[in-house]
2 protein chains.
Amino acid sequence: MTGVTTAAAEPDPADKPRRARGEQTRQLILETALRLFRERGYAETTMRAIAKEAGVAVGNAYYYFDSKEHLIQGFYDRNQVAHRAAAQEVLAAEKELAPRLRGVLHAGIDVNEPYHSFAATFFKTAAEPTSPLSPFSSQSSPAREAAIAIFRDVVEGSNAKLDPELRKELPELLWLGWMGVILFWVYDNSPGQRRTRRLIDGAVPLIDRLVSLSRLRVLRPALRQVLALIETVRKDD
Amino acid sequence: MTGVTTAAAEPDPADKPRRARGEQTRQLILETALRLFRERGYAETTMRAIAKEAGVAVGNAYYYFDSKEHLIQGFYDRNQVAHRAAAQEVLAAEKELAPRLRGVLHAGIDVNEPYHSFAATFFKTAAEPTSPLSPFSSQSSPAREAAIAIFRDVVEGSNAKLDPELRKELPELLWLGWMGVILFWVYDNSPGQRRTRRLIDGAVPLIDRLVSLSRLRVLRPALRQVLALIETVRKDD
DNA sequence: CCCGTGACTTGAACATGTTCAAGTGATGTG
DNA sequence: CACATCACTTGAACATGTTCAAGTCACGGG
C-alpha cells in the first residue's frame, strides 16, 4: 500500500490558515477513523460510528473528507513515510544491489504487516481504476513519485554496474515489481504472509542476475527489445 | 475478465428440477441486469431498477442471486465461453507457439472490448481477495481451470520444443500473464485500448524467445531457479 | 460595541443494497 | 377432490454512505 496517496490536506489549499481550528477536528476524525478501522475492520466501521466516537456529527466528517474511502489516504500517507524511513536505514548500511533491494522490499512488508487483515478489505478501493486512490491515478502521482524515488536510491546508491539505458528505467520497473509484491501480499494468507517473504527472497537474486547480465554483449538485442516494448507501451496515455 | 466464474446454477443443486419455472425467472433477471449494466453502467443500475424492468419484486432478485455482485458472474460466464470459442478458431489454424499465444490473447481482448468502459467500474469487485469473484478464489476455481486449459492447449498443441519441466508449468504461467494483461487492459484508456494490443504484440515474441532459450544447457540453472521459486511460493496456500 | 462574513457544525432526509416475515399457487397425495 | 407442501414471490423494513438546508460562532470592519 505504501506509495499510494496524496500528501496535501484537502480543504485548505495550503494558504495561510484563516482559523486553524478546523485542522484539529480533521485530525480528530482521521485518528478516530483509523483506530476503528484497525479495531473492527473497514467495512464494519460505519461513518456514524466514527462520528459518534469522535464526538461530532456525521456531516462534519464529510466536510473534511469527500467520502469514507478518502479516509484511507491517511493510512497510506503514514505507511509511505514509515517505509521510507525503514528503507533509508537499510540503504545506509548496504552497497550491493541485491541486499539493498531485498532489504527495502522486506521493510515495506514489515511496515504493512500489522494491517494485513484489513488491508485486504479495502484493497479493492485502491484497485478501481477510476478511484483517486489507485496507485496509477494522477491524484496519487506525487506519492508514486516518492515511492519510485526509493527505488532510484536503491539503484543509484549501489555499486552495481549496468547498462545505462536500463539504469534509467530500472527504478520504475522495480516500483512496478513492488506493486506486484503488494498485490501478492494482499492475496497471501499463509501464516505471517511467509509466502510473500519467500517470493521476495527468491525473486531478488533472479532480478540481480538478470540485471548483471544486461551488460553482456550477446544479450544486448534482447535488452533493447525489452526497453523498446516499455517505450511503446508507455506512449499516449 | 474471462475465466473468472462459477458455471453452476445457484439454487438448484443440479438435481432434477422439481419445477423448472424458477429457472426462467432467474434468466429473466440476469438478462435484464446485464442489459442495464451495459446501458447505464454497473454502479448506476439499482437493484430496484433491475427488478422493476424485469417486472418482479426486489426480493425476488435476491432469491436467485446472493448479491448485486453475483450478477456479474453471468457476465463472466458468457465472456469465458466466447473467449474459448474464439481461441479454438485460432488454435485450429496455427501450429507455431508465438502466433497461437498472440491469437488467443487478442481474441480475449476482442471478446471483452465492448465492455471495457463498465468492466473498469466493477473491476474492483473482482479485485477484493475475499470476494468469491476473485480469479484466485476457490469459488471460481472451475472457471480458472477452464481458462488455464485454453493455455494448456496453446502449449500442447504447438510444435514448440521446450524443457519438460517448463512445459508442465507454462500453461499456468501464461494464464497468470493473461491476468496481468487484463489488469493492464482495465487501466488502459488509450483509444481502443491500443496500448494493450501493443503490449501483447511486444511481449509475445519475448516470451517465445525466452521459452525457446529454456532448452539451452547454459540456461538450465537459471530455469531451475525460476521453477524452484514458483514451487516455493506455491506451497502452503 | 454591534454586525456581517464565512468557516465550521449539525442532524434530518435521501438513495440504495439487503433482509425477512408473510403470502401465493402449482403439484403430488390421500 | 380437498389438502398439505414447498418452490417461488412480495414489498415493507432496515442499515449505511452521502447530501444539504439551516444553524452557530469567532473575528474583523464600521
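- Here D:dT16 presents its P atom at 14 Å from CG of A:Leu36, a figure rounded to the nearest Å.
- Contact between B:Trp178 and B:His83 at its shortest, heavy atoms only, is CZ2-CE1, 3.8 Å.
- Look at CZ on B:Arg26: it is 16 Å from P on D:dA7, rounded to the nearest Å.
- Across the protein-nucleic acid pair, B:Phe65 atom CZ and D:dC8 atom P stand 13 Å apart, rounded to whole Å.
- Under 4.0 Å is where a charged nitrogen must lie from a carboxylate oxygen, and between B:Arg197 and B:Asp188 no such pair does.
- If you take CE of A:Met47 and C1' of C:dC14, they are 16 Å apart, rounded to a whole angstrom.
- Whole-Å rounding puts the B:Leu71 CG to C:dT18 C1' distance at 13 Å.
- Terminal axes of the helix from C:dC1-D:dG30 to C:dG30-D:dC1 (five pairs each, C1' rotation axis) are separated by 20°, to the nearest 10°.
- Partners of B:Tyr115 according to the ring pair (Phe, Tyr, Trp, His ring centres under 6.0 Å) rule, which considers only residues two or more places apart in sequence or in another chain, are B:Phe75, B:Phe118.
- Regarding A:Asp66, its CG atom lies at a distance of 16 Å from the P atom of D:dG17, rounded to whole Å.
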Pairs: protein N or O with nucleotides 10-13 of chain C N or O, under 3.5 Å:
unit_1 : atom_1 : unit_2  : atom_2 : d
C:dT10 : OP2    : A:Ala57 : N      : 2.9
C:dT10 : OP2    : A:Asn60 : ND2    : 3.4

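- B:Glu169 pairs by the side-chain hydrogen bond (donor to acceptor under 3.5 Å, both in side chains) definition with B:Arg234, not counting sequence neighbours.
- Residues passing the side chain to side chain contact (heavy atoms under 4.5 Å, CB included) test with A:Glu231: none are found, sequence neighbours excluded.
- Residue B:Thr25 places no side-chain N or O under 4.0 Å from the OP1 or OP2 atom of D:dC8.
- Taking A:Thr232 as the reference, nothing meets the side-chain hydrogen bond (donor to acceptor under 3.5 Å, both in side chains) condition, with sequence neighbours excluded.
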Residues 32-39 of chain B, side-chain donor-acceptor partners within the protein, below 3.5 Å, at least two apart:
unit_1  : atom_1 : unit_2  : atom_2 : d
B:Thr32 : OG1    : B:Leu28 : O      : 2.7
B:Arg35 : NH1    : B:Glu39 : OE2    : 3.3
B:Arg35 : NH2    : B:Glu53 : OE2    : 3.3

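- With sequence neighbours excluded, the residues satisfying side-chain hydrogen bond (donor to acceptor under 3.5 Å, both in side chains) with A:Arg78 are A:Glu31.
- The side-chain hydrogen bond (donor to acceptor under 3.5 Å, both in side chains) search around B:Gln27 returns B:Glu23, not counting sequence neighbours.
- Taking only side-chain nitrogens and oxygens, B:Tyr62 comes nearer than 4.0 Å to OP1 or OP2 of C:dT18.
- Atom CD of B:Gln24 and atom P of C:dG25 are 17 Å apart (whole Å).
- Rounded to whole Å, the distance from CD on B:Glu23 to P on C:dA26 is 19 Å.
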